[in-house]
J.: 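Just passing along the structure, written as structure tokens.
Every chain is numbered from 1, with letters handed out A, B, ... down the list of sequences. A quick note: this is a predicted structure, and the numbers were derived from the prediction, not measured.
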Amino acid sequence: MEINPKTYEAYKLFHEGILAFCRAEQQGFRINLHYCEVTKNHLTRKIERKERKLKESKFYLRWKQVLGSVNINSNPALSIYLYKILKIKPAHTTPTGKGSTNNEALSALNIPELNILLDIRKLKKLRDTYLDAFIREQVKGYIHPSFNLNFAVTFRSSSANPNFQNIPKRDKESMRMVRKALYPRPGHQLMEVDYSGIEVRVAAAYHKDPVMLSYIKDPTSDMHGDMAKQIFMIDDWDRNRPDHKCLRSATKNGFVFPQFYGSYYKNNAMVLAGEWGGLADGKWEKGQGCPLGDGTLSDHLISKGISSMNKFIDHIKIIENDFWNNRFKVYQQWKKRHWKGYQKKGYVDSLTGFRCSGVMGRNEVINYPVQGAAFHCLLWSFIELDRVIHEELIDTRIIGQIHDAIIFDVNPVELEYISKVIKRVTCKDLPKAFKWINVPVDVDAELAGIDESWSDIRDYDMVKNKFKVS
DNA sequence: GGAACTCGCCAC
DNA sequence: AAACGTGGCGAGTTCC
């Protein structure tokens with residue numbers, strides 16, 4: 001018989017985790033029902049206007065003429081019309097080999113009517129997946145998302161009814177529209193506390209790479225900056241310069257993190273090139289990309305001898321090789337050992353006592369134990385904070401969790417106290433409980449004002465007890 | 001009429 | 001040698 005939690009600690013973590021989640025579920029997250037309904041109707045009218053505009057276009061009339069009837073929500077039908085009937089070459093294909101109709105593929109075609117369709121899609125997503133779900137799921141003005149510990153193969157959590165873990169954040173317009181529906185209890189304020197770089201820190205406990213350890217331990221060092229400097233061949237690197245900041249962020253999201261998840265140089269090069277727009281029909285052109293110094297990024301790269309996409313790919317290949325064989329050599333050796341170990345045993349164990357077994361690929365074998373244990377850091381803190389809140393009979397409540405973040409509905413009177421407790425539990429008590437943690441862990445906090453919505457949270461210093469000024 | 005599938009898209 | 005990890009959900013479609 002296979003028991004997945006291999007240790008009593010692992011079993012206990014999930015058992016107590018479920019009970020702590022249960023209390024958060026029961027508490028729920030307050031919504032502004034009136035706002036949801038008004039915004040939903042507003043979106044519906046906006047969608048209808050755009051649909052009318054689309055239906056008057058030549059593009060649509062031709063589509064209808066050829067196929068008899070048209071459902072603009074049908075991606076299979078759109079794919080057939082665009083790529084089979086109009087014989088347009090798809091910008092890229094789906095995993096099953098058909099012409100893709102996703103945002104990237106349709107945007108690339110530069111057809112105004114398709115841009116209207118993309119607008120409609122986006123608005124429908126906001127209306128149907130979020131606002132409408134809040135209205136449907138709410139009970140007496142509170143939604144009660146479920147937090148599950150029994151679905152994810154990595155022993156992470158999942159959330160449903162509604163899913164609390166995929167509420168828009170990056171797109172500011174969508175973020176505001178949806179998060180403006182979510183409120184604390186009257187007279188309270190929302191606080192979100194997240195572990196910074198927890199997966200990278202947990203990975204370090206597995207591989208113990210000295211270079212990575214010093215990157216994490218030395219607050220003056222900057223891994224993403226160092227990589228950006230190397231990738232874009234910048235001599236006078238200055239992490240405070242806006243153009244260099246832009247390159248740092250592109251490197252972090254287009255090279256470093258994808259590499260940790262198991263991506264490789266060709267994909268990285270395409271993403272990096274796509275991000276700054278140097279890639280136009282495979283041509284490498286001057287004057288492309290974000291501004292850099294006197295010119296643009298593509299001017300700079302061309303001046304450094306990277307004069308084509310192929311040269312850029314070769315360049316990233318060299319960087320990747322250096323990344324794993326020189327910079328993070330010990331990390332690389334661990335990945336190799338770890339993968340061999342799985343091939344021999346047929347399973348991998350996490351530092352938190354969970355066993356992943358079954359058929360897995362190399363990337364899965366490497367990622368699962370890191371992803372799981374990183375979440376377990378959050379889970380342990382969640383349980384402990386829930387215990388303190390429950391035992392001390394204070395009024396602040398935990399109302400949700402997003403993999404590496406906890407959301408609180410705080411009584412303003414308790415703000416200073418709970419901040420202190422959160423800081424202690426997450427940063428001091430956790431490493432005492434999980435002895436395998438070999439680097440400091442840290443949290444960032446965001447807070448909204450009293451009676452403000454989730455869209456209003458701002459960076460907050462839990463030690464000085466004041467908002468950070470940006 | 002529902003199960004199972006594909007596709008697209010939101011989060012970490 | 002191979003090549004981005006984990007989820008949920010809405011809509012459309014196909015199959016039984």
J.: Give the rounded distance in Å between these two atoms: CH2 of A/Trp339 and P of C/dA3.
T.: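 Answer to the nearest Å: 11 Å.
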
J.: Please find out if less than 6.0 Å separates the ring center of A/Phe323 from that of A/Tyr265.
T.: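 No: the rings miss the under 6.0 Å criterion.
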
J.: Within the structure, does a side-chain N or O atom of A/Lys169 lie under 4.0 Å from either OP1 or OP2 of B/dC12?
T.: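 So the side chain of A/Lys169 is within the cut-off, an N or O lying under 4.0 Å from OP1 or OP2 of B/dC12.
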
J.: Tell me if the NZ atom of A/Lys468 is crowded by more than 12 foreign heavy atoms within 6.0 Å.
T.: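 Yes.
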
J.: Tell me which nucleotide among C/dG7, C/dG12, C/dG5 gets nearest to the side chain of A/Asn71.
T.: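 My answer, after comparing the listed nucleotides, is C/dG12.
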
J.: Specify the separation, in whole Å, of atom CD1 of A/Ile406 and atom P of B/dC12.
T.: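 Distance, rounded to whole Å: 15 Å.
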
J.: Could you please name the option among C/dT6, B/dG8, C/dT13 that lies closest to any side-chain atom of A/Ser74?
T.: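 For A/Ser74, the side-chain atoms sit closest to C/dT13.
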
J.: Could you check how far CZ of A/Phe164 sits from C1' of B/dC10, rounded to whole Å?
T.: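 For the pair A/Phe164 CZ and B/dC10 C1', the rounded distance is 14 Å.
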
J.: In terms of side-chain heavy atoms of A/Pro95, which of B/dC7, C/dG8, C/dG10 is nearest?
T.: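 Nearest nucleotide to the side chain: B/dC7.
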
J.: Return the value, rounded to whole Å, for the distance between atom CZ of A/Phe257 and atom P of C/dA3.
T.: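 From A/Phe257 CZ to C/dA3 P: 23 Å.
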
J.: Under 4.0 angstrom, heavy atoms only, what part of the nucleic acid is A/Tyr368 near: base, sugar-phosphate, or nothing?
T.: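 Sugar-phosphate, no base atom in range.
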
J.: Indicate whether OP1 or OP2 belonging to B/dT6 is found under 4.0 Å from a side-chain N or O atom of A/Thr96.
T.: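 Answer is no, no contact under 4.0 Å.
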
J.: Rounded to whole angstrom units, what separation is found between the CG atom of A/Leu118 and the P atom of B/dC7?
T.: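 To the nearest whole Å, that distance equals 17 Å.
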
J.: So, OP1 or OP2 of C/dG12: does either fall under 4.0 Å of a side-chain N or O from A/Asn73?
T.: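 Indeed, a polar side-chain atom of A/Asn73 lies that close.
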
J.: Report yes if at least one side-chain N or O of A/Asn267 is closer than 4.0 Å to OP1 or OP2 of C/dC4; otherwise report no.
T.: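 For C/dC4, OP1 or OP2 has a side-chain N or O of A/Asn267 closer than 4.0 Å.
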
J.: Select base, sugar-phosphate, or nothing to describe what A/Ser100 touches, counting heavy atoms under 4.0 Å on all strands.
T.: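 A/Ser100: backbone/sugar contact only, no base atoms under 4.0 Å.
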
J.: Using 30° and 60° as the class boundaries, would you call the ring planes of A/Trp334 and A/Tyr331 parallel, tilted or perpendicular?
T.: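 If you compare the ring of A/Trp334 with that of A/Tyr331, the planes turn out tilted.
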
J.: So A/Val153, base contact, sugar-phosphate only, or nothing? Heavy-atom distance under 4.0 Å.
T.: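 Touches sugar-phosphate only.
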
J.: What is the distance, to the nearest angstrom, from the CD atom on A/Gln332 to the P atom on C/dA2?
T.: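 Result: 17 Å.
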
J.: Base, sugar-phosphate or nothing for A/Thr101? Non-hydrogen atoms, less than 4.0 Å.
T.: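 Sugar-phosphate, backbone atoms only, no base.
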
J.: Between B/dC12, B/dC10, C/dA3, which nucleotide gets closest to the side-chain atoms of A/Asn166?
T.: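 Given the options B/dC12, B/dC10, C/dA3, the side chain of A/Asn166 is closest to B/dC10.
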
J.: For a quick check of understanding: with a heavy-atom distance under 4.0 Å over all strands, which category does A/Arg136 fall into, base, sugar-phosphate or nothing?
T.: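 It contacts sugar-phosphate atoms only.
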
J.: So what does A/Tyr130 touch, heavy atoms closer than 4.0 Å: a base, only the sugar-phosphate, or nothing?
T.: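 Answer is sugar-phosphate: A/Tyr130 comes under 4.0 Å of backbone atoms only.
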
J.: Please determine, for the side chain of A/Lys98, which listed nucleotide (B/dC9, B/dC7, C/dT6) has the closest atom?
T.: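 The answer is B/dC7.
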
J.: Consider the side chain of A/Pro168, meaning its heavy atoms from C-beta on, and name the nucleotide among C/dC9, B/dC10, C/dC4 that approaches it most closely.
T.: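 So the nucleotide nearest the side chain must be B/dC10.
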
J.: Which one, B/dG8, C/dG10, C/dC4, comes nearest to the side chain of A/Asp128?
T.: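 Minimum distance to the A/Asp128 side chain belongs to C/dG10.
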
J.: For A/Ser174 and A/Tyr130, run side-chain hydrogen bond (donor to acceptor under 3.5 Å, both in side chains): C-alpha distance rounded to whole Å, both residues' side-chain angles, the deciding distance at 0.1 Å, then the answer.
T.: CA-CA 10 Å; A/Ser174 306; A/Tyr130 301 109; over 6 Å; no

J.: May I ask you to say what A/Ser79 touches in the nucleic acid, namely base, sugar-phosphate or nothing, with a heavy-atom cut-off under 4.0 Å?
T.: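 Nothing, no nucleic acid heavy atom in range.
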
J.: Any base atoms under 4.0 Å from A/Phe151, or only sugar-phosphate, or nothing? Heavy atoms, all strands.
T.: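 Sugar-phosphate only.
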
J.: Closest to the A/Lys125 side chain: B/dC12, C/dT6, B/dG8?
T.: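 My answer, after comparing the listed nucleotides, is B/dG8.
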
J.: Please report the distance, rounded to the nearest Å, between CZ in A/Phe323 and P in C/dA3.
T.: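 It works out to 20 Å between those atoms.
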
J.: Which word best sums up how the rings of A/Phe21 and A/Phe147 line up, parallel for under 30°, tilted for 30 to 60°, or perpendicular for over 60°?
T.: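 Answer is tilted, since the angle falls between 30° and 60°.
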
J.: Select one nucleotide: of C/dG7, B/dC7, B/dC9, the one nearest the side-chain heavy atoms of A/Thr94.
T.: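 Nearest to the side chain of A/Thr94 among the choices is B/dC7.
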
J.: Return the value, rounded to whole Å, for the distance between atom CG of A/Asn268 and atom P of C/dA2.
T.: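 Going from A/Asn268 (CG) to C/dA2 (P), I get 19 Å.
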
J.: If we check ring pair (Phe, Tyr, Trp, His ring centres under 6.0 Å) with A/Phe29, which of these qualifies: A/Phe134, A/Phe164, A/Tyr142?
T.: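 Going through the options one by one, the only one that passes is A/Phe164.
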
J.: Compare side-chain N and O positions of A/Asn253 against OP1 and OP2 of C/dC4 and report whether any pair is under 4.0 Å apart.
T.: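 No, no such contact exists.
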
J.: Has the side chain of A/Arg170 got a donor or acceptor that lies under 3.5 Å from a partner of the other kind on the base of B/dC10?
T.: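 Check fails, no donor-acceptor contact within cut-off.
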
J.: Would you please classify the geometry between the A/Phe14 ring and the A/His376 ring as parallel, tilted or perpendicular, with 30° and 60° separating the classes?
T.: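 A/His376 and A/Phe14: perpendicular rings.
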
J.: Does A/Arg121 place a side-chain N or O at less than 4.0 Å from the phosphate oxygens OP1/OP2 of B/dC9?
T.: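 True: A/Arg121 side-chain N/O within range (under 4.0 Å) of B/dC9 OP1/OP2.
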
J.: Which nucleotide in the list C/dG5, C/dG10, B/dG8 gets nearest to the side chain of A/Gln371?
T.: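 Comparing C/dG5, C/dG10, B/dG8 against the side chain of A/Gln371, the answer is C/dG5.
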
